[in-house]
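Quick note: residue numbers are just sequence positions, from 1.
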Amino acid sequence: MASERISVSTPPPTLGALLRGMRSRKGWTLKEMSSKTGIPVSTLSKIEHDRLTLTYDKLQSLGQRLGLRMSELFAESEGEAAQSVTARRSLGDIAQSVRIETPNYDYYYLCTELRRKRMIPAITKIRARSAEEFGELVHHSGEEFLYVLSGKVVVQTEFYDPVTLGPGQALYIDSSMGHAYLAAEDCEEAEVLAVMSSDEEELMESLLTLHEERRQNAVAVNENEAPPADARPTRKRR
């Protein structure tokens, strides 16, 4: 019986992989790539994750803006398909966290020395029990996972009825949907682990600024005065 050799060819890289690889080689962020190509950050992100592609004329325009021929745009460098190993690691605890204090919450951001993380982990202590105490629903880019460590949490979202979670229960939501986490009426304080994830390069900075602005607004409301116009976010490290 004659033997048969079967060759398995590697599938060609997708447009998303090619753009992602080129951006990585150049050391550009999505925002930098957007400014150079004229393509919105959200569109670039969808392309890189193979959720969107470009028409031929748009590819031509992209190549012209980057100073590349079409053949160069689709050229794959040696070893491009190999996954690089960064070997990053960070040990974190509350004592070394970046802490944001508000009248209704305490946020403990963990492993903050790592830049450009794809996930932002935080321990949050929740004391607000009403929508009035919480203020407007929060919106930000990406998705998030919530796991209740202690107490009971009422999760309010823009498009769903409120749901109450106890220890060991979890929730995964789209963070661009308005959301609020409240302590249940019979709970003095709840503690949760929250993990936020986004394509946004500076998600950590955006979250810290967002929470600090809410803290300042809450303090101003409690003191019955408007927050200072030139207030700058401040952070504490425990």
Student: List the residues meeting salt bridge (Lys or Arg N to Asp or Glu O under 4.0 Å) with Glu32, not counting sequence neighbours, and say none if there are none.
Tutor: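 Testing Glu32 for salt bridge (Lys or Arg N to Asp or Glu O under 4.0 Å), a comparison that skips the adjacent residues, returns none.
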
Student: Under the side chain to side chain donor-acceptor pair (under 3.5 Å) definition, can you give me all pairs with a residue in residues 177-186, not counting sequence neighbours?
Tutor: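 Counting only pairs at least two positions apart or across chains, the side chain to side chain donor-acceptor pair (under 3.5 Å) contacts touching residues 177-186 are Glu144-His179, Glu144-Tyr181, Lys152-Asp186.
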
Student: For Arg89, is the CZ atom crowded, meaning more than 12 foreign heavy atoms sit under 6.0 Å from it?
Tutor: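 No, because the 6.0 Å sphere around CZ of Arg89 holds 12 heavy atoms or fewer from other groups.
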
Student: Would you give me the side-chain donor-acceptor pairs under 3.5 Å for residues 155-169, sequence neighbours excluded?
Tutor:
| from | atom 1 | to | atom 2 | distance (Å) |
| --- | --- | --- | --- | --- |
| Glu158 | OE1 | His139 | NE2 | 3.4 |
| Glu158 | OE1 | Gly178 | N | 2.8 |
| Gln169 | OE1 | Gly166 | N | 2.7 |

Student: In Å and rounded to the nearest 0.5 Å, what is the NZ to CD distance from Lys125 to Glu101?
Tutor: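 Reported to 0.5 Å precision, the distance equals 10.5 Å.
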
Student: Return yes if some donor-acceptor pair links the side-chain N/O of Thr37 with the main-chain N/O of Met33 below 3.5 Å, else return no.
Tutor: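 It does hold such a pair.
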
Student: Do Val153 and Val192 make a side-chain contact, defined as non-hydrogen atoms from C-beta onward lying under 4.5 Å apart?
Tutor: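 Yes. Closest side-chain heavy atoms under 4.5 Å.
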
Student: Mind checking salt bridge (Lys or Arg N to Asp or Glu O under 4.0 Å) for Glu48 and listing every partner two or more places apart, or none if nothing turns up?
Tutor: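 Listed in chain order: Arg23.
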
Student: With sequence neighbours left out, write down each residue that passes side-chain hydrogen bond (donor to acceptor under 3.5 Å, both in side chains) with Asp174, or none if nothing qualifies.
Tutor: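 If we apply the side-chain hydrogen bond (donor to acceptor under 3.5 Å, both in side chains) test to Asp174, skipping adjacent residues, the hits are Ser176.
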
Student: In Å, rounded to the nearest 0.5 Å, how long is the span from CG of Leu182 to OG of Ser130?
Tutor: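 Rounded to the nearest 0.5 Å, the CG-OG separation comes to 7.0 Å.
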
Student: Who passes side-chain hydrogen bond (donor to acceptor under 3.5 Å, both in side chains) against Arg129, sequence neighbours left out?
Tutor: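 Once residues adjacent in sequence are excluded, Arg129 has no partner under the side-chain hydrogen bond (donor to acceptor under 3.5 Å, both in side chains) criterion.
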
Student: Which side-chain N or O atoms in residues 39-46 pair as donor and acceptor under 3.5 Å with protein atoms at least two apart or in another chain?
Tutor:
| from | atom 1 | to | atom 2 | distance (Å) |
| --- | --- | --- | --- | --- |
| Ser45 | OG | Asp199 | OD2 | 2.3 |

Student: Among residues at least two apart in sequence or on other chains, which ones pass side-chain hydrogen bond (donor to acceptor under 3.5 Å, both in side chains) with Thr124?
Tutor: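 So Thr124 forms no side-chain hydrogen bond (donor to acceptor under 3.5 Å, both in side chains) with any residue.
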
Student: Measuring from Ser197:OG to Arg118:CZ, what's the distance to the nearest 0.5 Å?
Tutor: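 So the gap between those two atoms works out to 8.5 Å.
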
Student: How long is the straight-line distance from CG of Asp106 back to CD1 of Ile123, given to the nearest 0.5 Å?
Tutor: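 Answer rounded to 0.5 Å: 12.0 Å.
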
Student: Considering the options Glu189, Glu133, Glu191, which one meets the salt bridge (charged side-chain N to carboxylate O under 4.0 Å, His left out) requirement together with Arg127?
Tutor: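 When salt bridge (charged side-chain N to carboxylate O under 4.0 Å, His left out) is applied between Arg127 and each of Glu189, Glu133, Glu191, only Glu189 qualifies.
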
Student: If the plane angle is over 60° it's perpendicular, under 30° parallel, otherwise tilted; pick one for Tyr105 and Phe134.
Tutor: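 Answer is perpendicular, since the angle exceeds 60°.
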
Student: Look at the side-chain heavy atoms of Ile, Leu, Val, Met, Phe, Trp and Tyr, link any pair under 4.5 Å apart, and say whether Leu91 and Leu193 land in one connected group.
Tutor: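 No, Leu91 does not connect to Leu193 through the hydrophobic network.
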
Student: Suppose we screen for side-chain hydrogen bond (donor to acceptor under 3.5 Å, both in side chains). Which residues come up paired with Ser150, at least two apart in sequence or across chains?
Tutor: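 By the side-chain hydrogen bond (donor to acceptor under 3.5 Å, both in side chains) rule, Ser150 matches no residue at all.
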
Student: Spell out, as yes or no, whether a donor-acceptor pair under 3.5 Å connects the side chain of Ser97 to the backbone of Arg99.
Tutor: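 Looks like no, no N/O pair under 3.5 Å.
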
Student: With rounding to the nearest 0.5 Å, note down the distance linking CD1 in Ile126 to OH in Tyr107.
Tutor: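 Here the interatomic distance stands at 8.0 Å.
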
Student: Who pairs with Ala194 by side-chain contact (heavy atoms from CB on, under 4.5 Å), at least two apart in sequence or on another chain?
Tutor: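 Residues passing side-chain contact (heavy atoms from CB on, under 4.5 Å) with Ala194: Leu146, Met196.
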
Student: How close do Ser175 and Ser141 get, counting heavy atoms only, and between which atoms?
Tutor: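 Looking at all heavy atoms of both residues, the closest pair is CB-O, 3.8 Å.
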
Student: Can you tell if the side chain of Leu62 reaches within under 4.5 Å of the side chain of Leu19, non-hydrogen atoms only?
Tutor: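 Sidechains of Leu19 and Leu62: in contact.
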
